[in-house]
Chemist: 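Before we start, here is the structure in question, set down as structure tokens.
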Amino acid sequence: MIRAYSLSETFSEEGFNLYREMRRKGITPDPLSFSFVTKCCVKGSSSVLEGLQVHARVLRDGHRSDSRLLTTVMDFYSSFKRFDDACKVFDEMSHRDTIAWNVLISCYIRNGRTGDALVVFDMMESGHSGSQPDDVTCLLVLQACSNLGALEFGERVRRYIQEHGYGHLRNLCNALIAMYSRCGCVGKAYQLFTGMPNRDVVSWTAMISGLASHGHGREAIDAFREMLRMGVAPDEQTFTGVLSACSHSGLVDEGWMFFDHMSKEFGILPNIHHFGCMVDLLGRVGLLDQAYQLILSMSFSPDPTMWRTLLGACRIHGHVALGERVIEHLIELKAQEAGDYVLLLNIYSSVGNWEKVIEVRKWMKEKGIQTTPGCSTMEVKGEVHEFVVDDLSHPRKKEIYEMLDEIGKQLKIAGYVAEVTSELHNSGAEEKANRLSYHSEKLAMAFGILATPPGTTIRVAKNLRTCVDCHNFAKMLSGVYNREIIIRDRNRFHCFREGQCSCNDYW
DNA sequence: ACTTGTTACA
């Protein structure tokens, strides 16, 4: 079984075959060999069935009290998203060490229960689990914080890291850089990054991507060049970061150049993500036909997301004909979703084709297509406040709406004109095209002004993309009220300061 | 045994 162990990293199938051979010869596997073969069964290299067989055998051979072995079995279930099975194994373990708890955290993250991962950290730190968090626990929990945008929790983990002497570990620094970036604090990410003595390709990539998502395209490219000067070799992910930097900052020539260089100079062939970034880049600046041609020129077939990216570009530029064609492609892939029809609606409304808007809406209603309502959240003193369109549920709603009126007056003086013309939102079926409504991010921003001392940065997280009007509103607000406002979109950050935004998506 | 960086859409 030693051979199976050494094979388990790369040739999982052979590992399982060896196990089978062993059984055929009547040799009883010991816990260690069970552990190796289970590792061969994790997602990506085998089917669930093989692992299930092993698990059954483990139980039959009386290893149900071997917690190390069960930890591996649990991880196997977790990797196949069999959440309940994984939890069952965890519950049945007689003894749980830090690693078992780590696997539980990893299982929560993999299965979309990210918030619960933080709860587990709480339990571990407070001693309720009987095991203390270690460096891997921190790594996993930082990942959870990144996903949730939970800055305060992330800082708490950082303190834990420092207090327990993990501060020098490179992978933890890398995870912290990502956490800060994804919580909207590139500045802090950069500070940490510059303080690191040994930066590897992961550190650089995290920093480049962080700068990219905040709209600091030039700085991201500078970082990339600096990385090359330091002799660190870029990989696929690095180029994903670099190309996304170009797309978020509208750097078309640079984008083409890097896209070209990556294979010619670095021997890295563009994958679907790289093409996705290029389509986004070209689409955003209005080179829609080039973007379309690039998709058609690929040697692999485009995925739904790729088409969706192009559809988003059609919305920005009001390109009806191409938009309709893209929808066809999505339908062909049987991948069209509610959000796609909302984009199509916005394309029609942006060119004033109200007949089509009504037609599509009616059709959506008939088909019972449910759209996702826009929702914004804001964290004040560790408490998360949630807002939806025209929200009336917040306990301080009266103050919030009064504040909105007041802000509206102030911004009007400064020259803000509400844009009520074209944008439609996923705010529910009954929304009318020309109604002036308070989108969730406006409510959140007003609450931010209300609930935090002057000068405090206002951080808003939104589940969908911000509309042009709210974007203008935030710009003006940042100038008139002298506040830094950071809105975390679906996929990037808008940093508003002194009446400007770091992005160039909206004009 | 568990483990760092990844793009695009609403």
Side-chain angles (χ1 to χ4, degrees), chain A residues 32 35-36 38-39 42 67-76 78-79 97-107 109 134-143 146 169-179 181-182 199-210 212-213 234-248 271-281 283-284 291 302-315 326 330 335-346 371-374 424-426 462-465 489-492:
Chain A
L32 212 56
S35 187
F36 298 148
T38 310
K39 212 186 157 212
V42 297
S67 43
R68 277 191 175 206
L69 182 48
L70 291 180
T71 304
T72 315
V73 172
M74 189 187 159
D75 190 44
F76 150 75
S78 157
S79 74
D97 59 6
T98 297
I99 296 178
W101 286 97
N102 288 350
V103 174
L104 183 68
I105 293 178
S106 152
C107 179
I109 297 174
D134 65 0
D135 53 334
V136 177
T137 316
C138 294
L139 206 58
L140 288 164
V141 175
L142 284 175
Q143 224 184 314
S146 302
L169 294 177
R170 185 163 60 191
N171 55 358
L172 282 178
C173 291
N174 293 346
L176 279 167
I177 293 172
M179 184 277 291
S181 297
R182 300 192 56 190
R199 289 171 286 204
D200 63 1
V201 62
V202 176
S203 330
W204 284 99
T205 304
M207 196 62 249
I208 290 168
S209 308
S213 65
D235 63 10
E236 287 194 355
Q237 277 119 312
T238 317
F239 277 104
T240 305
V242 171
L243 291 177
S244 87
C246 296
S247 102
H248 284 309
N271 63 26
I272 193 145
H273 304 309
H274 301 124
F275 275 99
C277 290
M278 287 308 290
V279 169
D280 187 48
L281 167 58
R284 262 184 224 275
D303 63 356
T305 322
M306 178 92 53
W307 289 121
R308 236 158 253 153
T309 305
L310 187 58
L311 192 60
C314 294
R315 191 223 43 177
V326 173
L330 282 166
Q336 75 281 23
E337 289 170 4
D340 300 329
Y341 292 110
V342 175
L343 274 177
L344 186 66
L345 278 174
N346 280 322
T371 54
T372 316
L424 290 162
H425 294 273
N426 293 6
K462 171 150 195 194
N463 64 339
L464 306 173
R465 288 203 61 172
D489 235 10
R490 191 85 187 142
N491 55 39
R492 64 164 297 156

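All values below were derived from every heavy atom in this structure, side-chain atoms included, with hydrogens, water molecules and symmetry-related copies excluded. Chain letters run A, B, ... following the sequence lines, proteins first, then strands; residues in each count from 1.
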Chemist: Out of B/dT3, B/dA10, B/dG5, which has the shortest distance to the side chain of A/Val201?
Modeler: B/dG5
Chemist: Would you kindly give the CG-to-P distance between A/Leu139 and B/dT4, to the nearest whole Å?
Modeler: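 Computing the A/Leu139:CG to B/dT4:P distance gives 6 Å.
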Chemist: Quick one: list whatever passes side chain to side chain contact (heavy atoms under 4.5 Å, CB included) with A/Ser244, sequence neighbours left out.
Modeler: A/Ala212, A/His248, A/Cys277
Chemist: Quick one: A/Leu343 CG to B/dA8 P, roughly how many Å, whole number?
Modeler: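 It works out to 15 Å between those atoms.
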Chemist: Nearest to the A/Cys277 side chain among B/dT7, B/dT4, B/dA1, which nucleotide is it?
Modeler: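 Of all the options, the side chain of A/Cys277 is nearest to B/dT7.
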Chemist: Would you classify A/Asn271 as touching base, sugar-phosphate or nothing, given that sugar-phosphate means primed atoms plus P, OP1 and OP2, and contacts are heavy atoms under 4.0 Å?
Modeler: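 Since no nucleic acid heavy atom lies under 4.0 Å of A/Asn271, the category is nothing.
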Chemist: If you round to the nearest 0.5 Å, how far is CD1 of A/Ile177 from CG of A/Leu142?
Modeler: 11.5 Å
Chemist: Which is true for A/Thr137 with a 4.0 Å heavy-atom rule: it touches a base, it touches only sugar-phosphate, or it touches nothing?
Modeler: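 It contacts nothing in the nucleic acid.
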Chemist: For A/Thr137, which residues count as a side chain to side chain donor-acceptor pair (under 3.5 Å) partner, sequence neighbours excluded?
Modeler: A/Asn102, A/Asp134
Chemist: In this structure, how many angstroms lie between the C1' atom of B/dA1 and the CG atom of A/Asn102, rounded?
Modeler: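 It is 10 Å, rounded to the nearest whole Å.
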Chemist: What's the closest nucleotide to the side chain of A/Asn174 if the choices are B/dT7, B/dG5, B/dT4?
Modeler: B/dT4
Chemist: So which nucleotide from B/dA8, B/dG5, B/dT7 ends up closest to the side chain of A/His273?
Modeler: B/dT7
Chemist: Of all the nucleotides listed (B/dT6, B/dC2, B/dT4), which has the minimum atom distance to the side chain of A/Val136?
Modeler: B/dC2
Chemist: When all nucleic acid strands are considered with a 4.0 Å heavy-atom cut-off, which category describes A/Val279: base, sugar-phosphate, or nothing?
Modeler: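 Nothing, no nucleic acid heavy atom in range.
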Chemist: Please work out if A/Ser209 contacts a base, only the sugar-phosphate, or nothing of the nucleic acid, heavy-atom cut-off 4.0 Å.
Modeler: sugar-phosphate
Chemist: Can you check whether any acceptor in the base of B/dG5 is under 3.5 Å from a donor in the side chain of A/Asp235, or vice versa?
Modeler: yes
Chemist: As a test of reading the structure: which of B/dT6, B/dT4, B/dC2 is closest to the side chain of A/Ser106, going by heavy atoms?
Modeler: B/dC2
Chemist: To the nearest Å, how far apart are A/Asp200 CG and B/dT6 P?
Modeler: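 Roughly 13 Å, once rounded to whole Å.
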Chemist: Just to verify, what does A/Ala313 make a side chain to side chain contact (heavy atoms under 4.5 Å, CB included) with, not counting sequence neighbours?
Modeler: A/Leu288
Chemist: Calculate the interatomic distance between A/Leu172 atom CG and B/dT3 atom C1'; express it in whole Å.
Modeler: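 After rounding, the gap between these two atoms is 9 Å.
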Chemist: Rounded to whole Å, please give me the gap between CG in A/Leu169 and P in B/dG5.
Modeler: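 The answer, rounded to whole Å, is 15 Å.
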Chemist: In whole angstrom, give the distance that lies between atom CD of A/Glu337 and atom C1' of B/dA8.
Modeler: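 It is 13 Å, rounded to the nearest whole Å.
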Chemist: Distance check: side-chain N/O of A/His248 vs OP1/OP2 of B/dA8, anything under 4.0 Å?
Modeler: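 For A/His248, the contact criterion (side-chain N or O under 4.0 Å from OP1 or OP2 of B/dA8) is met.
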Chemist: Excluding sequence neighbours, so at least two apart, what forms side chain to side chain donor-acceptor pair (under 3.5 Å) with A/Ser203?
Modeler: A/Asn174, A/Asp200
Chemist: If the cut-off is 4.0 Å, is A/Arg68 near the phosphate of B/dA1, judged by side-chain N/O to OP1 or OP2?
Modeler: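 Negative; the distance criterion is not met.
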Chemist: When you measure from every atom of DNA chain B, which of residues 304-313 of chain A have a heavy atom less than 4.0 Å away?
Modeler: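 Under 4.0 Å from DNA chain B: A/Thr305, A/Arg308, A/Thr309.
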Chemist: Starting at atom OH of A/Tyr341, determine the distance to atom P of B/dA10, rounded to an integer number of angstrom.
Modeler: 16 Å
Chemist: Taking the side chain as every heavy atom from C-beta outward, state whether A/Leu330 and A/Leu311 have any pair of such atoms under 4.5 Å apart.
Modeler: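 Yes. Closest side-chain heavy atoms under 4.5 Å.
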Chemist: Tell me every residue that passes side chain to side chain donor-acceptor pair (under 3.5 Å) with A/Asn463, counting only those two or more places apart in sequence or in another chain.
Modeler: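 Testing A/Asn463 for side chain to side chain donor-acceptor pair (under 3.5 Å), a comparison that skips the adjacent residues, returns none.
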Chemist: What's the closest nucleotide to the A/Gln143 side chain, out of B/dA10, B/dT4, B/dC2?
Modeler: B/dT4
Chemist: Side chains of A/Glu337 and A/Arg308, heavy atoms from C-beta outward: is any pair under 4.5 Å?
Modeler: yes
